[in-house]
Trainee: 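Supplied in C-alpha cells, the structure appears directly below.
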Amino acid sequence: MKFIHLTDPHVTATGELFNLDVDARLRAAVQSINSRHADAELVMITGDITHWGEPEAYRRVCEALGALTMPWYPLIGNHDVRDAFLAGLPNVTADDAGKVSFRLDTSAGPFLALDTLTDGTHAGQIDERQLAWLDDELAAVESAFLFMHHPPVRSGINGMDRIPLLNPDDLAAVLDRHPGKVRHIFFGHMHRAFHGSWRGIPFSTVKATAHQVAPLIDGESPLTTSCELPAYAVVLVGDAHVLVHDISYMEEETEFTYDRDSGRTAAD
Ligand SMILES: [Fe+2]
C-alpha cells in the first residue's frame, strides 16, 4: 500500500508567508503527487493546514488539495483555528468536544489520528478523552499507525523543543498497554526531515510544504527558519515493512539519466 505524508502547508489568506508563495508550494506538491503517485491510496496531512486560520486560507487549501486525485485527510495543528478548520475542510470529523481525532480504515490497517491543538499555546497536549479513545482503539486492533501534529519526543532543536507535546508520558502509558501494536508514528510540526524511534516505535516527519526550521541542533539556539525547498513523503507499507521516501518535489527538474560511463577516461 502506498500513501502520501504531507505536512504544514501554513497557507494564508494572501497565499504568501515569509516572502514564500506557500500556496504555489502546496499546488506544486499536488501536481507532483498526481503525476508521480496517482496510485497512492490517500494523503495524510499532519497539521498546520493554515498559518493564521483565516476562512479564506482554508478556502485556498481546499482549492489546492481539491485537485488531488485521491482522498486527503487533514489533522489539526497549533497554527490552525478550530472553528475555521472544522467549517472549512472536508473529511474532518470532530468528537463531542470538538477534537479532530479519528480512525481511518485503510488497506494497510487502521490509521489513528490525534488532535494536539491546545488553547493559548503553540505546545501540544493530548487530552484525557483522546487518550481513553486511543486505548480503546488499540485494544480492538492487531496493529495501527498513529498520526499527530506534535512529535512525542524532543529533537535537540531548542526552538521546537520549547513548543513540544506537553504530556508524552501520558501517551507512552497508553502505548505501553498495547506493546508492538503501533507500527509507526507520523507527525508534523518539525518543518524538516526527522526520523528515529521513541520507546522502540519508529517515527518520521518530513519537511513542510511551507518554510523549514533550520537544523540548529545545539539545544540552545532560538527558533530559526529557512527557505530550504519543501518535500512530502511517499510511504510504502507491507506486512513486514514500512518505507518512507522523502520527495524534494521542487527539484524534480534536476533529474538526469544515470550514465555509468560518465567521466570515465580511455585509461580507466
Ligand atoms: Fe508548522
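The structure presented is a predicted model; accordingly, all values stated were derived computationally and were not measured. Indexing begins at 1, ligand by ligand and atom by atom, following the structure's order. As a basis for the values below, the full set of heavy atoms in this structure was taken, side chains included, without hydrogen atoms, waters or symmetry mates.
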Trainee: Inspect the contact between Glu56 and Arg59 and indicate whether a charged nitrogen and a carboxylate oxygen are less than 4.0 angstrom apart.
Mentor: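 A salt bridge links Arg59 with Glu56.
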Trainee: Is there a side-chain contact between Phe102 and Trp133, using heavy atoms and a 4.5 Å cut-off?
Mentor: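 A side-chain contact is absent here, since even the closest heavy-atom pair is not under 4.5 Å.
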Trainee: How wide is the angle at the Fe ion (ligand 1) between OD2 in Asp8 and NE2 in His10, to the nearest 10°?
Mentor: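 My answer is 110°, to the nearest 10°.
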Trainee: Measuring from the Fe ion (ligand 1), name the closest N, O or S atom belonging to Asp48.
Mentor: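 The nearest such atom is OD2.
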Trainee: Closer than 4.0 angstrom, basic N to acidic O: yes or no for Arg103 and Asp105?
Mentor: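 Counted as a salt bridge, because a side-chain N and a carboxylate O are separated by less than 4.0 Å.
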Trainee: Below 2.8 Å, any N, O or S contact between His191 and the Fe ion (ligand 1)?
Mentor: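 Looking at His191, which is the residue asked about, there is an N, O or S atom under 2.8 Å from the Fe ion (ligand 1).
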Trainee: Can you list the steps and then say if Asp246 with Tyr232 is a side chain to side chain donor-acceptor pair (under 3.5 Å)?
Mentor: CA-CA 6 Å; Asp246 285 12; Tyr232 60 80; over 6 Å; no
